[in-house]
Amino acid sequence: MSDQPVQVVILAAGQGKRMHSNLPKVLHPIAGKALAQHVIDTARGLAPQKLILVYGHGGEVVRSTLAAVDISWAEQARQLGTGHAVAQAVPQFSKAPCTLVLYGDVPLISAATLRRLLHAGRDGLAVLTVELPDATGYGRIVRDAAGKVLRIVEEKDATAEEKSIREINTGIMAIPTAHLVDWLGRLKNDNAQGEYYLTDIVALAVAAGIPVRTAHPEAAWEVLGVNSKVQLAELERVYQRNIAERLLVAGVRLADPARIDVRGELTHGRDVAIDVGCVFEGSVELGDAVEIGPYCVLKDVKIAAGTRIAAFCHFEEAVIGPDGVIGPFARLRPGAELGPEVHIGNFVEVKKSKVGAQSKANHLAYIGDAEIGQRVNIGAGTIICNYDGAFKHKTLIEDDVFIGSDTQLVAPVTVGRGATLGAGTTLTKDAPPGALTVSRAKQVTLTGWVRPQKVKK
(Lines give C-alpha, C1' and ligand atoms only; values in the text may rest on other atoms or scores of the structure.)
Protein backbone atom coordinates (compact mmCIF):
# COMPACT_ATOMS: atom_id res chain seq x y z
CA MET A 1 0.00 0.00 0.00
CA SER A 2 1.34 3.39 -0.98
CA ASP A 3 2.49 5.72 1.79
CA GLN A 4 3.17 8.65 -0.52
CA PRO A 5 2.02 12.02 0.82
CA VAL A 6 -1.39 13.07 -0.44
CA GLN A 7 -3.51 16.18 -0.56
CA VAL A 8 -7.28 16.01 -0.73
CA VAL A 9 -9.60 18.22 -2.79
CA ILE A 10 -13.30 17.97 -1.89
CA LEU A 11 -15.73 19.37 -4.46
CA ALA A 12 -18.68 20.97 -2.66
CA ALA A 13 -19.82 23.86 -4.86
CA GLY A 14 -23.03 22.42 -6.31
CA GLN A 15 -26.39 24.07 -5.76
CA GLY A 16 -28.49 20.92 -5.53
CA LYS A 17 -31.62 22.24 -7.24
CA ARG A 18 -33.41 18.91 -6.86
CA MET A 19 -33.13 19.18 -3.08
CA HIS A 20 -35.72 22.01 -3.23
CA SER A 21 -34.11 23.65 -0.23
CA ASN A 22 -32.44 26.89 0.77
CA LEU A 23 -29.79 24.85 2.58
CA PRO A 24 -26.71 24.12 0.43
CA LYS A 25 -26.78 20.48 -0.67
CA VAL A 26 -23.56 19.45 1.07
CA LEU A 27 -24.94 20.64 4.44
CA HIS A 28 -27.95 18.35 4.44
CA PRO A 29 -27.52 15.76 7.19
CA ILE A 30 -27.04 12.03 7.28
CA ALA A 31 -27.01 10.58 10.80
CA GLY A 32 -27.13 14.12 12.17
CA LYS A 33 -23.96 15.23 10.39
CA ALA A 34 -23.59 17.27 7.18
CA LEU A 35 -22.87 15.29 4.02
CA ALA A 36 -19.60 17.12 3.49
CA GLN A 37 -18.58 16.63 7.12
CA HIS A 38 -18.70 12.87 6.62
CA VAL A 39 -16.31 13.25 3.68
CA ILE A 40 -14.02 15.61 5.61
CA ASP A 41 -13.81 13.23 8.56
CA THR A 42 -12.98 10.28 6.28
CA ALA A 43 -10.33 12.35 4.46
CA ARG A 44 -8.70 13.26 7.77
CA GLY A 45 -8.18 9.55 8.38
CA LEU A 46 -5.69 9.60 5.49
CA ALA A 47 -3.54 12.25 7.22
CA PRO A 48 -3.38 14.51 4.13
CA GLN A 49 -0.76 17.21 3.78
CA LYS A 50 -3.49 19.59 2.67
CA LEU A 51 -7.29 19.45 2.80
CA ILE A 52 -8.94 21.81 0.32
CA LEU A 53 -12.68 22.33 0.03
CA VAL A 54 -14.03 23.90 -3.15
CA TYR A 55 -17.22 25.79 -2.35
CA GLY A 56 -19.68 27.83 -4.38
CA HIS A 57 -23.44 27.89 -3.81
CA GLY A 58 -24.27 29.14 -0.31
CA GLY A 59 -20.58 29.83 0.17
CA GLU A 60 -20.56 31.69 3.46
CA VAL A 61 -22.95 29.23 5.09
CA VAL A 62 -20.82 26.32 3.91
CA ARG A 63 -17.64 27.96 5.18
CA SER A 64 -19.06 28.88 8.57
CA THR A 65 -20.66 25.47 9.10
CA LEU A 66 -17.62 23.41 8.10
CA ALA A 67 -14.93 25.78 9.29
CA ALA A 68 -11.84 24.10 10.76
CA VAL A 69 -8.19 25.00 11.10
CA ASP A 70 -7.06 22.21 8.78
CA ILE A 71 -9.34 23.18 5.87
CA SER A 72 -8.20 25.47 3.05
CA TRP A 73 -10.89 27.06 0.91
CA ALA A 74 -11.20 27.64 -2.84
CA GLU A 75 -14.23 29.34 -4.36
CA GLN A 76 -15.86 28.23 -7.60
CA ALA A 77 -17.96 31.30 -8.34
CA ARG A 78 -19.36 29.79 -11.56
CA GLN A 79 -20.10 26.09 -11.85
CA LEU A 80 -18.39 25.19 -15.13
CA GLY A 81 -17.71 21.52 -14.49
CA THR A 82 -15.61 19.27 -12.29
CA GLY A 83 -12.37 20.10 -14.08
CA HIS A 84 -13.02 23.80 -13.58
CA ALA A 85 -13.79 23.14 -9.91
CA VAL A 86 -10.49 21.36 -9.26
CA ALA A 87 -8.66 24.13 -11.13
CA GLN A 88 -9.90 26.64 -8.54
CA ALA A 89 -8.00 24.69 -5.88
CA VAL A 90 -4.64 24.78 -7.70
CA PRO A 91 -3.41 27.97 -5.95
CA GLN A 92 -3.89 26.16 -2.63
CA PHE A 93 -1.98 23.02 -3.66
CA SER A 94 0.78 21.66 -1.46
CA LYS A 95 3.86 19.78 -2.67
CA ALA A 96 2.17 16.41 -2.11
CA PRO A 97 2.88 14.20 -5.13
CA CYS A 98 -0.68 12.80 -5.18
CA THR A 99 -4.00 14.63 -5.24
CA LEU A 100 -7.13 12.78 -4.17
CA VAL A 101 -10.40 14.22 -5.51
CA LEU A 102 -13.53 13.57 -3.44
CA TYR A 103 -17.11 14.85 -3.52
CA GLY A 104 -18.98 16.58 -0.73
CA ASP A 105 -22.24 14.86 -1.65
CA VAL A 106 -20.80 11.30 -1.58
CA PRO A 107 -20.77 10.80 2.19
CA LEU A 108 -20.34 7.05 2.71
CA ILE A 109 -16.99 6.50 1.03
CA SER A 110 -14.68 4.59 3.36
CA ALA A 111 -11.07 5.23 4.25
CA ALA A 112 -10.23 1.61 3.35
CA THR A 113 -11.51 2.10 -0.19
CA LEU A 114 -9.57 5.34 -0.56
CA ARG A 115 -6.37 3.65 0.60
CA ARG A 116 -6.83 1.00 -2.08
CA LEU A 117 -7.32 3.74 -4.65
CA LEU A 118 -4.15 5.52 -3.53
CA HIS A 119 -2.25 2.26 -3.75
CA ALA A 120 -3.54 1.71 -7.29
CA GLY A 121 -2.32 5.18 -8.22
CA ARG A 122 1.12 4.82 -6.66
CA ASP A 123 2.90 5.30 -10.03
CA GLY A 124 0.18 6.89 -12.14
CA LEU A 125 -3.47 7.85 -12.16
CA ALA A 126 -6.18 5.78 -10.45
CA VAL A 127 -9.96 5.96 -10.90
CA LEU A 128 -12.51 4.51 -8.51
CA THR A 129 -15.06 2.57 -10.55
CA VAL A 130 -17.99 0.26 -9.88
CA GLU A 131 -20.23 -1.94 -11.99
CA LEU A 132 -23.95 -1.23 -11.82
CA PRO A 133 -26.86 -3.24 -13.24
CA ASP A 134 -28.19 0.04 -14.60
CA ALA A 135 -25.50 2.59 -15.41
CA THR A 136 -27.90 5.25 -16.70
CA GLY A 137 -26.72 8.76 -15.90
CA TYR A 138 -23.09 7.88 -15.21
CA GLY A 139 -19.87 8.28 -17.16
CA ARG A 140 -18.65 4.96 -18.62
CA ILE A 141 -15.17 3.45 -18.39
CA VAL A 142 -13.97 2.70 -21.93
CA ARG A 143 -11.29 0.00 -22.12
CA ASP A 144 -9.39 -1.56 -25.00
CA ALA A 145 -9.46 -5.26 -25.93
CA ALA A 146 -6.73 -5.96 -23.35
CA GLY A 147 -8.76 -4.30 -20.61
CA LYS A 148 -6.64 -1.17 -20.31
CA VAL A 149 -8.52 2.07 -19.56
CA LEU A 150 -8.63 4.39 -22.57
CA ARG A 151 -10.96 7.16 -21.47
CA ILE A 152 -14.13 8.07 -19.64
CA VAL A 153 -17.17 9.14 -21.65
CA GLU A 154 -20.09 10.99 -20.10
CA GLU A 155 -23.50 9.60 -20.91
CA LYS A 156 -24.62 12.63 -22.91
CA ASP A 157 -21.58 12.23 -25.13
CA ALA A 158 -21.66 8.41 -25.31
CA THR A 159 -22.55 6.29 -28.31
CA ALA A 160 -25.16 3.55 -28.05
CA GLU A 161 -22.39 0.97 -27.70
CA GLU A 162 -20.68 2.97 -24.95
CA LYS A 163 -23.96 3.33 -23.10
CA SER A 164 -24.14 -0.46 -22.82
CA ILE A 165 -21.02 -0.44 -20.61
CA ARG A 166 -21.84 -1.22 -16.97
CA GLU A 167 -18.58 -0.06 -15.39
CA ILE A 168 -19.04 3.53 -14.34
CA ASN A 169 -16.87 6.36 -13.13
CA THR A 170 -17.53 7.45 -9.54
CA GLY A 171 -15.61 10.69 -10.05
CA ILE A 172 -13.18 9.85 -7.26
CA MET A 173 -9.58 9.86 -8.48
CA ALA A 174 -6.00 9.72 -7.24
CA ILE A 175 -3.94 11.88 -9.60
CA PRO A 176 -0.24 12.77 -9.85
CA THR A 177 -0.24 16.41 -8.76
CA ALA A 178 2.37 17.67 -11.23
CA HIS A 179 0.50 16.17 -14.19
CA LEU A 180 -2.86 17.30 -12.83
CA VAL A 181 -1.87 20.96 -12.95
CA ASP A 182 -0.79 20.57 -16.58
CA TRP A 183 -3.86 18.56 -17.60
CA LEU A 184 -6.30 21.04 -16.03
CA GLY A 185 -4.88 23.74 -18.28
CA ARG A 186 -5.53 21.60 -21.35
CA LEU A 187 -9.18 20.72 -20.72
CA LYS A 188 -11.75 21.84 -23.28
CA ASN A 189 -15.49 22.31 -22.96
CA ASP A 190 -16.53 21.14 -26.44
CA ASN A 191 -19.06 18.61 -25.18
CA ALA A 192 -22.81 18.29 -24.74
CA GLN A 193 -22.73 20.03 -21.36
CA GLY A 194 -20.37 22.82 -22.35
CA GLU A 195 -18.34 22.04 -19.22
CA TYR A 196 -14.73 21.24 -18.34
CA TYR A 197 -14.80 17.58 -17.35
CA LEU A 198 -12.18 16.31 -14.92
CA THR A 199 -12.70 12.89 -16.49
CA ASP A 200 -11.01 14.10 -19.68
CA ILE A 201 -7.64 13.89 -17.93
CA VAL A 202 -7.84 10.09 -18.27
CA ALA A 203 -7.43 10.32 -22.03
CA LEU A 204 -4.59 12.83 -21.53
CA ALA A 205 -2.85 10.39 -19.18
CA VAL A 206 -3.22 7.53 -21.69
CA ALA A 207 -1.80 9.73 -24.45
CA ALA A 208 1.16 10.60 -22.23
CA GLY A 209 1.87 6.95 -21.46
CA ILE A 210 1.08 7.34 -17.79
CA PRO A 211 -0.45 4.21 -16.21
CA VAL A 212 -4.20 4.45 -15.56
CA ARG A 213 -5.54 1.91 -13.09
CA THR A 214 -8.84 1.34 -11.36
CA ALA A 215 -9.89 0.38 -7.86
CA HIS A 216 -13.29 -0.63 -6.57
CA PRO A 217 -15.24 -0.08 -3.34
CA GLU A 218 -16.34 -2.95 -1.12
CA ALA A 219 -19.97 -2.04 -1.81
CA ALA A 220 -21.69 0.14 -4.40
CA TRP A 221 -23.41 2.24 -1.72
CA GLU A 222 -20.03 3.74 -0.78
CA VAL A 223 -20.03 5.80 -3.96
CA LEU A 224 -23.68 6.81 -4.10
CA GLY A 225 -24.24 10.55 -4.21
CA VAL A 226 -27.08 12.75 -3.02
CA ASN A 227 -29.00 14.89 -5.49
CA SER A 228 -32.50 14.75 -4.00
CA LYS A 229 -34.32 14.22 -0.72
CA VAL A 230 -35.20 10.74 -1.96
CA GLN A 231 -31.51 9.85 -2.30
CA LEU A 232 -30.76 11.51 1.03
CA ALA A 233 -33.31 9.27 2.74
CA GLU A 234 -31.99 6.19 0.95
CA LEU A 235 -28.43 6.82 2.12
CA GLU A 236 -29.64 7.52 5.64
CA ARG A 237 -31.13 4.03 5.75
CA VAL A 238 -27.97 2.50 4.29
CA TYR A 239 -25.92 4.21 6.99
CA GLN A 240 -28.29 3.12 9.75
CA ARG A 241 -28.50 -0.43 8.41
CA ASN A 242 -24.72 -0.72 8.54
CA ILE A 243 -24.67 0.50 12.14
CA ALA A 244 -27.47 -1.90 13.08
CA GLU A 245 -25.57 -4.81 11.57
CA ARG A 246 -22.44 -3.91 13.52
CA LEU A 247 -24.46 -3.72 16.75
CA LEU A 248 -26.08 -7.09 16.08
CA VAL A 249 -22.74 -8.73 15.32
CA ALA A 250 -21.38 -7.28 18.58
CA GLY A 251 -24.22 -8.87 20.55
CA VAL A 252 -26.79 -6.09 20.95
CA ARG A 253 -30.39 -7.28 20.70
CA LEU A 254 -32.37 -4.98 18.39
CA ALA A 255 -36.12 -5.48 18.25
CA ASP A 256 -36.05 -4.30 14.63
CA PRO A 257 -32.74 -3.38 12.90
CA ALA A 258 -34.68 -1.19 10.46
CA ARG A 259 -35.96 1.05 13.26
CA ILE A 260 -32.94 2.50 15.00
CA ASP A 261 -31.13 5.79 14.39
CA VAL A 262 -27.60 6.42 15.61
CA ARG A 263 -26.45 10.00 15.07
CA GLY A 264 -23.10 9.88 16.79
CA GLU A 265 -21.23 7.17 18.69
CA LEU A 266 -23.00 4.38 20.54
CA THR A 267 -20.86 2.14 22.75
CA HIS A 268 -22.25 -0.76 24.76
CA GLY A 269 -21.59 -3.67 27.05
CA ARG A 270 -22.93 -7.21 26.84
CA ASP A 271 -26.60 -8.24 26.69
CA VAL A 272 -27.90 -4.78 25.81
CA ALA A 273 -31.42 -4.67 24.38
CA ILE A 274 -32.88 -1.80 22.32
CA ASP A 275 -36.52 -1.65 21.30
CA VAL A 276 -37.92 0.04 18.18
CA GLY A 277 -37.81 3.70 17.25
CA CYS A 278 -34.90 4.78 19.47
CA VAL A 279 -32.61 7.67 18.54
CA PHE A 280 -29.04 7.97 19.86
CA GLU A 281 -27.23 11.29 19.41
CA GLY A 282 -23.76 12.48 20.33
CA SER A 283 -21.88 10.08 22.60
CA VAL A 284 -24.02 7.41 24.28
CA GLU A 285 -22.63 4.66 26.50
CA LEU A 286 -24.76 1.69 27.59
CA GLY A 287 -23.49 -0.69 30.26
CA ASP A 288 -24.06 -4.42 30.51
CA ALA A 289 -27.68 -5.62 30.42
CA VAL A 290 -29.13 -2.16 29.87
CA GLU A 291 -32.61 -2.27 28.35
CA ILE A 292 -33.97 0.64 26.31
CA GLY A 293 -37.71 0.70 25.69
CA PRO A 294 -39.36 1.89 22.48
CA TYR A 295 -39.20 5.44 21.13
CA CYS A 296 -36.57 6.85 23.46
CA VAL A 297 -34.20 9.70 22.54
CA LEU A 298 -30.76 9.68 24.19
CA LYS A 299 -28.18 12.39 23.59
CA ASP A 300 -24.76 12.40 25.28
CA VAL A 301 -25.86 9.96 27.97
CA LYS A 302 -24.08 7.35 30.09
CA ILE A 303 -26.18 4.51 31.53
CA ALA A 304 -24.65 2.00 33.91
CA ALA A 305 -25.25 -1.74 33.99
CA GLY A 306 -28.63 -3.25 34.68
CA THR A 307 -30.73 -0.12 34.24
CA ARG A 308 -34.08 -0.39 32.50
CA ILE A 309 -35.47 2.53 30.50
CA ALA A 310 -39.18 2.37 29.70
CA ALA A 311 -40.84 3.81 26.60
CA PHE A 312 -40.89 7.43 25.41
CA CYS A 313 -38.06 8.81 27.55
CA HIS A 314 -35.91 11.78 26.55
CA PHE A 315 -32.41 12.15 28.05
CA GLU A 316 -29.72 14.74 27.33
CA GLU A 317 -26.29 15.09 28.96
CA ALA A 318 -27.26 12.82 31.84
CA VAL A 319 -25.56 10.08 33.86
CA ILE A 320 -27.61 7.16 35.15
CA GLY A 321 -26.27 4.74 37.72
CA PRO A 322 -26.63 0.96 37.82
CA ASP A 323 -29.89 -0.96 38.28
CA GLY A 324 -32.13 2.05 37.86
CA VAL A 325 -35.70 2.06 36.61
CA ILE A 326 -36.57 5.09 34.49
CA GLY A 327 -39.78 6.05 32.70
CA PRO A 328 -42.01 5.80 30.84
CA PHE A 329 -42.25 9.43 29.71
CA ALA A 330 -39.34 10.61 31.87
CA ARG A 331 -37.10 13.51 30.94
CA LEU A 332 -33.52 13.94 32.11
CA ARG A 333 -32.02 17.27 31.17
CA PRO A 334 -28.36 18.36 31.21
CA GLY A 335 -26.65 17.84 34.54
CA ALA A 336 -28.93 15.07 35.80
CA GLU A 337 -26.92 12.48 37.75
CA LEU A 338 -28.74 9.47 39.14
CA GLY A 339 -27.15 7.08 41.62
CA PRO A 340 -27.66 3.31 41.90
CA GLU A 341 -31.18 1.86 41.97
CA VAL A 342 -32.90 5.20 41.42
CA HIS A 343 -36.49 5.19 40.18
CA ILE A 344 -37.65 8.11 38.01
CA GLY A 345 -41.21 7.54 36.85
CA ASN A 346 -43.73 8.85 34.37
CA PHE A 347 -43.79 12.57 33.65
CA VAL A 348 -40.88 13.33 35.98
CA GLU A 349 -38.28 15.87 34.87
CA VAL A 350 -34.79 16.14 36.38
CA LYS A 351 -32.43 19.00 35.55
CA LYS A 352 -28.94 19.76 36.94
CA SER A 353 -29.56 17.61 39.99
CA LYS A 354 -27.94 14.69 41.78
CA VAL A 355 -30.23 11.95 43.02
CA GLY A 356 -28.78 9.51 45.54
CA ALA A 357 -29.01 5.72 45.65
CA GLN A 358 -32.44 4.09 46.00
CA SER A 359 -34.30 7.41 45.86
CA LYS A 360 -37.58 7.55 44.01
CA ALA A 361 -39.69 10.10 42.18
CA ASN A 362 -42.30 7.97 40.52
CA HIS A 363 -44.98 10.41 39.34
CA LEU A 364 -45.43 13.92 37.96
CA ALA A 365 -42.54 15.80 39.56
CA TYR A 366 -39.99 18.48 38.68
CA ILE A 367 -36.51 18.30 40.22
CA GLY A 368 -34.22 21.17 39.28
CA ASP A 369 -30.92 22.43 40.75
CA ALA A 370 -31.13 20.01 43.65
CA GLU A 371 -28.96 17.58 45.56
CA ILE A 372 -30.97 14.64 46.83
CA GLY A 373 -29.62 12.07 49.24
CA GLN A 374 -30.19 8.34 49.49
CA ARG A 375 -33.52 6.56 50.03
CA VAL A 376 -35.56 9.72 49.47
CA ASN A 377 -39.20 9.39 48.40
CA ILE A 378 -40.59 12.25 46.35
CA GLY A 379 -44.38 12.17 46.12
CA ALA A 380 -46.53 12.80 43.08
CA GLY A 381 -46.91 16.42 42.02
CA THR A 382 -43.80 17.64 43.88
CA ILE A 383 -42.13 20.71 42.40
CA ILE A 384 -38.77 22.21 43.28
CA CYS A 385 -39.24 25.92 42.66
CA ASN A 386 -35.66 26.74 41.68
CA TYR A 387 -36.13 29.95 39.68
CA ASP A 388 -37.10 33.34 41.09
CA GLY A 389 -37.45 35.02 37.72
CA ALA A 390 -33.83 36.10 37.57
CA PHE A 391 -31.64 33.49 39.28
CA LYS A 392 -31.57 29.74 39.93
CA HIS A 393 -31.29 28.53 43.52
CA LYS A 394 -30.30 25.17 44.99
CA THR A 395 -32.31 22.77 47.13
CA LEU A 396 -30.67 20.21 49.43
CA ILE A 397 -32.65 17.12 50.47
CA GLU A 398 -30.74 14.85 52.85
CA ASP A 399 -30.95 11.06 53.24
CA ASP A 400 -34.16 9.20 54.17
CA VAL A 401 -36.51 12.13 53.57
CA PHE A 402 -40.17 11.50 52.73
CA ILE A 403 -41.88 14.20 50.70
CA GLY A 404 -45.67 14.01 50.46
CA SER A 405 -47.60 14.60 47.28
CA ASP A 406 -48.30 18.06 45.87
CA THR A 407 -45.40 19.68 47.74
CA GLN A 408 -43.54 22.77 46.60
CA LEU A 409 -40.00 23.46 47.80
CA VAL A 410 -39.14 27.13 47.25
CA ALA A 411 -35.37 27.27 46.85
CA PRO A 412 -33.01 27.80 48.48
CA VAL A 413 -34.11 25.38 51.20
CA THR A 414 -32.69 22.36 53.01
CA VAL A 415 -34.67 19.36 54.15
CA GLY A 416 -32.86 17.63 57.01
CA ARG A 417 -32.08 13.93 57.25
CA GLY A 418 -35.09 11.74 57.95
CA ALA A 419 -37.57 14.62 57.71
CA THR A 420 -41.13 14.23 56.45
CA LEU A 421 -43.00 16.91 54.51
CA GLY A 422 -46.76 16.52 54.65
CA ALA A 423 -48.75 16.44 51.45
CA GLY A 424 -49.65 19.85 50.11
CA THR A 425 -46.81 21.62 51.90
CA THR A 426 -45.24 24.77 50.48
CA LEU A 427 -41.78 24.85 52.04
CA THR A 428 -40.14 28.28 52.20
CA LYS A 429 -37.84 27.65 55.18
CA ASP A 430 -35.50 24.81 56.05
CA ALA A 431 -37.19 21.68 57.40
CA PRO A 432 -35.40 20.22 60.44
CA PRO A 433 -34.20 16.60 60.44
CA GLY A 434 -36.36 13.81 61.81
CA ALA A 435 -39.50 15.94 62.11
CA LEU A 436 -42.81 16.36 60.29
CA THR A 437 -43.20 19.70 58.59
CA VAL A 438 -46.63 20.72 57.31
CA SER A 439 -47.70 23.93 55.67
CA ARG A 440 -51.43 24.00 54.89
CA ALA A 441 -54.40 26.31 55.21
CA LYS A 442 -56.86 25.20 57.88
CA GLN A 443 -59.58 22.97 56.44
CA VAL A 444 -63.05 24.53 56.71
CA THR A 445 -66.46 23.07 55.91
CA LEU A 446 -69.31 25.52 55.21
CA THR A 447 -72.69 24.01 55.95
CA GLY A 448 -75.68 25.29 54.04
CA TRP A 449 -73.57 26.36 51.07
CA VAL A 450 -75.32 25.96 47.73
CA ARG A 451 -73.47 25.44 44.51
CA PRO A 452 -74.42 28.03 41.85
CA GLN A 453 -76.86 26.75 39.25
CA LYS A 454 -77.55 27.89 35.72
CA VAL A 455 -80.99 29.42 35.27
CA LYS A 456 -83.01 27.48 32.75
CA LYS A 457 -84.42 29.65 29.96
Side-chain angles (χ1 to χ4, degrees), residues 6-94 96 98-109 111 114 128 169-175 177 180-181 183-185 187 189 193-201 222-229 231-232 235:
V6 64
Q7 66 181 359
V8 176
V9 177
I10 300 175
L11 306 187
Q15 182 174 354
K17 292 181 180 179
R18 282 181 281 167
M19 300 296 286
H20 300 290
S21 172
N22 293 327
L23 186 69
K25 180 173 68 170
V26 296
L27 298 185
H28 283 266
I30 280 184
K33 185 164 67 175
L35 296 173
Q37 190 64 58
H38 284 275
V39 183
I40 291 167
D41 291 346
T42 300
R44 285 180 176 138
L46 304 174
Q49 278 192 359
K50 197 79 174 283
L51 183 55
I52 307 167
L53 197 144
V54 180
Y55 69 101
H57 178 73
E60 290 310 310
V61 177
V62 171
R63 289 194 61 161
S64 62
T65 302
L66 303 175
V69 294
D70 62 340
I71 296 179
S72 299
W73 298 91
E75 183 179 13
Q76 186 186 23
R78 298 173 63 201
Q79 277 72 65
L80 300 177
T82 52
H84 177 260
V86 175
Q88 309 314 299
V90 169
Q92 303 283 352
F93 275 11
S94 70
C98 180
T99 298
L100 179 65
V101 177
L102 304 177
Y103 293 81
D105 59 357
V106 182
L108 304 188
I109 189 70
L114 295 179
L128 190 67
N169 167 47
T170 68
I172 297 173
M173 296 185 185
I175 311 164
T177 303
L180 174 60
V181 174
W183 292 335
L184 289 173
L187 295 179
N189 66 343
Q193 294 281 81
E195 294 182 349
Y196 297 93
Y197 296 150
L198 182 64
T199 50
D200 287 349
I201 69 173
E222 282 193 47
V223 296
L224 294 178
V226 173
N227 290 300
S228 69
K229 295 287 177 59
Q231 292 173 336
L232 184 71
L235 286 197

So do the side chains of [X] and [Y] get within less than 4.5 Å of each other, counting heavy atoms only?
X	Y	value
Phe93	Val9	yes
Val226	Leu108	no
Asn189	Glu195	no
Leu66	Leu27	yes
Thr199	Thr82	no
Pro48	Leu100	no
Val54	Val86	no
Tyr55	Gln76	no

Can you name the side chain to side chain contact (heavy atoms under 4.5 Å, CB included) partners of Val26, sequence neighbours left out?
Ala12, Ala36, Val62
Residues which pass side chain to side chain contact (heavy atoms under 4.5 Å, CB included) with Thr170, listed by chain and number, not counting sequence neighbours:
Leu128, Val130, Ile168, Ile172, Val223
Listed once per pair and sorted, the salt bridge (Lys or Arg N to Asp or Glu O under 4.0 Å) pairs that draw on residues 17-26, sequence neighbours left out:
Lys25-Asp105
Treating [X] as the side-chain partner and [Y] as the backbone partner, does any N or O pair qualify as donor plus acceptor under 3.5 Å?
X	Y	value
Gln231	Asn227	yes
His28	Leu35	no
Tyr103	Gly171	yes
Gln92	Ile52	no

Across all chains, not counting sequence neighbours, the salt bridge (Lys or Arg N to Asp or Glu O under 4.0 Å) partners of Lys229 are none
Suppose we screen for ring-ring contact (aromatic ring centres under 6.0 Å, His included). Which residues come up paired with His38, at least two apart in sequence or across chains?
Tyr239
Please, which pairs that meet side chain to side chain donor-acceptor pair (under 3.5 Å) have at least one residue in residues 65-74, sequence neighbours excluded?
Arg44-Asp70
Indicate the atoms forming the closest heavy-atom contact of Pro107 with Leu224, along with that distance.
CD-O, 3.9 Å
